[in-house]
Structures are given as C-alpha cells and as structure tokens.
K.L.:
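Questions regarding the structure given below will be posed in turn.
Lettering follows sequence order; numbering is per chain, from 1.
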Amino acid sequence: MLCVRDLHAAYGNIHVLRGVSFEIVGGQIATILGRNGSGRSTTCKAVMGLLPPLHGQVQLDGVNLAGRESHDIAHAGLGYVPEERLIFTTLTVEENLVLGQKPAKPGAARWTMDELYDLFPRLRERRNIRAGFLSGGEQQMLTMFRTLLGNPCAILIDEPTEGLAPKIVDVVGETILEMKRRGLAVILMEQKLSMAMKVTDTVLVMGHGQIVFTGTPQAFEADPGIRRQWLEVA
Amino acid sequence: MPPQEQSPRSSARVTVVRILPIALVLGALIGLPRFADMAFLNAMVMVCIAALYAMGYNLLWGQAGLISFGHATYFAFGASCTIMTMAAIEGGSSFPTPLLPLAGGAASFLMGLVAGWFATIRTGVYFAMITVAITELVRAIVQRWDSMFGGEAGITSIRMAWGPIGFQKLLDVYYFTLAWTIIGILLLWFLQRSPLGTVIRGIREQEERVRFLGYDTHALKTLVFAISAGVSGMAGGLLAFTNESTNVALYEGAYSTTVLINTVIGGAGVFLGPVVGATLTTLFGYYVANLTYYWLLYMGLLFMVIVVYAPRGISGLGVDAVRRLRSGAPVRWDLLGRFALGWLVVTIGAIMTIELIGAVVQPSYGALARSSGVAWPPVRVFWVSWSPASPLTLGGIALLFGLGAVLLRDTAGTASRNVSTLADAIAGKPGPGV
Ligand SMILES: Nc1ncnc2c1ncn2[C@@H]1O[C@H](COP(=O)(O)OP(=O)(O)O)[C@@H](O)[C@H]1O
Ligand SMILES: [Mg+2]
C-alpha cells in the first residue's frame, strides 16, 4: 500500500505542493487528474525524492520514504515512469531494459524481459537498435517496461498516453491492466478524461497543490461541477 | 562518444572484420622482437605503458563522460608503490615479481576510491577542477615526504628474477609489459560490456534517470573513478618495473596533460582510440625528437588541429570513414584530394616557418652571423639551404599558406562547430560529438 500524507514541495520559493494526501492499495489503479501546471508531475518527483519534499510522509507498506535518496526509494519498491519518456537515447533498447533490472522485494510481482516483449513484440524486434531511434509510442512502452523490470510494488506513471496514436494507447492500457492483475498499486497522472477512465478504480482531482476530489469514476461523472471548476480550461 | 553499436546483420562477418585487425596487430607485436632493434623495442615498451595509462584514463572520459585533469597522481602513485614493493622483494619479501603491476594498481585503486568520492560529487568543469586540486595536494605532500617517496633523487630498485624468468633482458621486459597491457585492456573491455558498463553510460547520458531506477550514482561513479585510477596505476607500475626507478617528477601536471592529449588525438569515443593516440605520440617523441628541436611544438600543433578538425580523434575519423563506405555513399575523391593537398602545403609551410624562426632565434645563429659577416646566414630545412630573409624564401612560404587557405577554404565552418561541441563536452553537457 502506498500512502502519501500532507506532502509539501517547492521549487525554490515557489510552493507547488501544499499538502497532497492520497492512498492506494495493491491491485488498484488510481488516476490523478488536473489541469496543466496543477502539480501532478511535481507530486511524482516529490514522492520519488527527485525533489526533496519540505514536509509530509510517503509510506510504502508502512515504511516512511520521504526524505530518502531516490535510489533508496526505488529500491524500496516504488517505480516511476516520467512524463518526458526519459530513455537513454545512446543505449540500445535492450541496454535500456537491463538498466531497469532490479531484484524483486518479497511479495512484489516479478516481470521478465520475455513476458514484456510478448506484450509489445515490436520492442523485441528492435532490441539492438539505439533507443533514440524509436517512435514516441515505442519509447513510452520502453520506459514502462524498464520500470517494470525493477519489479516495483507501486508505480507512478506520468501522462502515459500523451501524444500517442490510438493503437499504442490501447497497448498502454492493456499493460496497465496487467500491472493491476499482478497486484501493483498503479497511480496514473492524466490531464484529460482519457483511456484512464476506462481502467481506473479511483479518480482524484488535483488543484492548487492539493487533492480536491476523491471518488469512484461514477461519482466523478456524476459531478460536472468538479470538472468545470478544476479541469476545464476557462 | 557513442557506445559501440551492435547491428544484428551478419554478425559472423562483423566479428571477422573486428577480430582480424586485432589479431594481426597482436601477431605483429608478438613477433616484433625478431625484426626490431633495441631502440625500437624500448620505444614499444613505452608505447604499451602510455597505451594502458590512456585506456585507464579513458574509462572515465569515454564511458562516464568525466574528463580528469589530474590523472598523473594515480599513474605516479602506482609507480611509487610498485617500486616500493620491488624494494621489498629485493629485501627478501616473497611477493611474486610478475604480479608487481598489481601492487601499483591496487594502491592507485584505493587512492582513487578516496579521491573519486570527492571528485564525482560534481560533474563537468567542477569535476575537472576537483581533480586538479587533488593532484596538487598529493604532489605537495609527495614532494616533501622524502623518506617515503625518495624526493628528487627518487627510489631505485632492481627487478628480481622469478623462477626461470630473469627479467634482465629487454626482451623479457617487453613481453612482460605487453602481457600486462593486454590484460588491462581486456579487463576494461569486459567492464564496458558488463551491466555496470551500461549503467555507467546511462549515468553519462542522464544521471537522474539512473538514480530513480535504483542506482546510487555517486557510489558507482566513485567505483569507476577508482577502477580508472587503478588501471592507470598499473601502467605506472609497469614504468617503475621497466626503469627500475621512479621520481617525484612523475606527479607533475605534465603527465596529466600527456594522457589527455593522447586520448584526444586517438579519440575518446572508440574503445581502442587512446591506444592509437598513445602509440602515435610516443613514437613521435622517439623519432621526431631526433629530427628537430621543436618536436613538442609540432605535437602541440597536431593536437590543436585534431581538436579543431577531428574532435573524435584519429580513430573517430577512421570509424566515420568505414561507416560512410559501408553505407554506400559515394567517395568524394575531389574533396579528399583537395583537402589532402591543402594540408600538405600548410604543413610544409608551417615546418618551414618554425624551423627558420627556430634557427634564427638561437644564440648560435647570431654568433654565426657575426663571424661569417653575412647578415642572414642560410638555414637548412628539407635538405635545402634557405636564406631566411630573402624574398624568395618568404614569398615561397606565403605562397604555401595562401594556397593552403584556398584549398581548405570551406573547412572553417566545421572547425568552429567542432570547437563548440568540445567546449560543451568539457562542461559536461551531453552532446552528439566528441
Ligand atoms: N523545475 C521547475 N522550476 C520551477 N517551477 C516549476 C518547475 N517544474 C514545474 N514548475 C511549476 O510547478 C507547477 C506544477 O507543475 P507540474 O507539476 O509540472 O504540473 P503538471 O504535471 O500537473 O502539469 C507549475 O506551475 C510549474 O510552472
Ligand atoms: Mg506534468
């Protein structure tokens, strides 16, 4: 279970996160929606220790990780798929995947390179090619697979479908469902009511650096005011 | 500095293409003593040492993207610790003589762990500055600690026989150095091919990404620094073994610069590039130094030309040429011919200029002028006597440079682009070049 409590973070003196709280158990998908600039990517970075939080807790299965180094946090079982698809462009596809490999914690789902290649065979065909030559969708899949090879218990995925062709979006969706089936806690960051709405168990809405709505997808659909206030561009 | 590419196509042929030249060079090196005289064999011992030193150095640059300006410390410390171990063997220690370079390597590795921990806190220019600071610190200590490091006089010892091997003949020393150089290079090769090598190249490209994948990048960079220092220390150990002496002068900045120059000339982006550079400059030192007093100046000029026109070094040029040929692009013989001719006339012009000025500024030249009564006595360059002040000589040189400028007219753009790429690389910015 991943439990974030009252997380505060700032870039210099720009206070971006003002007490973010949410929790999610294994085998569930939560989607955090929010306008551009609402602080979803910052939440990921603060949780991962890439932007040291000012205050608050990040608990994974009861262990507080806030304030630790990001490699420690990754080792504790948190995976992160950044929005910018940060692949290593000069390394081959397979070398990128090798970089992600980490021994699994007890109880965490295990992934092998072959299983992942089966989910998206195109990467297997291109495994000896430099990752910089991949298309956007292939890069997105590579980043997700790289993180999964670290056998995380919980995974943060920042805008996985942005700018992708519908066909690849389906593959991304299936991979996310497979993560859920294997018992991972999945946190998706999304801007629009996209593919995420079809797979998610919980919807959270972010605004002013806080979580302003938590509920089921049905409750969210039933409340157009939330959408108007926090998601639509005025 | 792209990592070696692996293309799936006809891997058997690719393997042959890669292995064959290496096998040929190895065969030549092993058979060399049958053909070479003592002087050349001596030079080749120094080539091996310089090559191993540069290969160790380039683990940091070529793989981790960290450019050290203070590697002499680890080379010299390896030499010091090896000579101390040799002295201990002389004094009855049972340390096996053939493993001596490991003593130097281990010592420098340990020193590299400490120094690397500090240096790799930062990257780019700051990293380079810390390496310089550490070098100066170590030098200051070593040069005052005479009881340990022997001061100006240095430490001397002798190579003790081990079993049937006497280590007295140059032939023994040559094969010994060659073997250890190959061992060191193989070690680096397997390291580069290992998952650790992949992680290190990942760190060079984007350190933060490697961190959130669960790697302690500072610890890894420290380890790479220490391995690089250790291999350089092994090379230093080979030098101590060969010379049967060391000197605190080895700790000076010049030895940090030499390895950097060798790496740039050979090319940091190709695995064996530093070997090419080390071979070239070492042999240059042996043979051109006999021809001209100004050989270091020529080496400096060569370095500058390579930095400006071929920042990926000689091996980088070679790799590019092979790649272009394979891709089936037409060879522009007209351009190649024009550039070759252009560089030839500029080189001749530069040699004329340097040798004439070089001769004229020497005190003996003034004395000759006075005694012979001729204002500008002739100077011999290229087997011909030139009168340094005659319009014919000066006009000839001007003509050479003018012709060169015309022939090389369209290379200025490449040059300025390359310079800015190199500046980025030194500042630690990842980029396509170098
Ligand atoms: N590196 C940074 N330095 C300063 N401000 C930043 C930085 N990154 C993001 N911000 C600011 O933080 C706020 C939240 O950004 P972000 O977390 O990227 O939002 P989202 O991912 O929801 O679009 C924005 O106002 C943005 O301008
Ligand atoms: Mg974002």
K.L.:
For chain B, find its close neighbours in residues 43-55 of chain A: heavy-atom separation under 4.5 Å, sorted by number, or none.
P.N.:
A/Met48, A/Leu50
K.L.:
Quick check on A/Leu149 against chain B: is it the side chain, the backbone, both or neither that has a heavy atom closer than 4.5 Å?
P.N.:
neither
K.L.:
Does any non-hydrogen side-chain atom of B/Glu205 lie less than 4.5 Å from one of A/Thr89?
P.N.:
yes
K.L.:
Are any non-hydrogen side-chain atoms of A/Phe88 and B/Arg209 less than 4.5 angstrom apart?
P.N.:
yes
K.L.:
For the interface with chain B, which of A/Pro82, A/Ala76, A/Pro152 has the highest count of heavy-atom pairs at distances below 4.5 Å?
P.N.:
A/Pro82
K.L.:
Should we say atom CD of A/Glu69 is surrounded by more than 12 heavy atoms from elsewhere, each under 6.0 Å from it?
P.N.:
no
K.L.:
Heavy-atom distance under 4.5 Å to chain B: side chain of A/Leu99, backbone, both or neither?
P.N.:
both
K.L.:
Listed by residue number, which members of residues 213-228 of chain B have a heavy atom under 4.5 Å from any heavy atom of chain A?
P.N.:
B/Leu213, B/Gly214, B/Tyr215, B/Asp216
K.L.:
Distance check, rounded to the nearest 0.5 Å: B/Gln206 atom CD versus A/Leu91 atom CG?
P.N.:
12.0 Å
K.L.:
What distance separates B/Phe212 CZ from A/Thr147 OG1, expressed to the nearest 0.5 Å?
P.N.:
6.5 Å
K.L.:
Please say whether more than 12 non-hydrogen atoms of neighbouring residues, nucleotides or ligands are located less than 6.0 Å from CZ in B/Arg324.
P.N.:
no
K.L.:
Check the surroundings of atom OH in B/Tyr309: do more than 12 heavy atoms from other residues, nucleotides or ligands lie under 6.0 Å from it?
P.N.:
yes
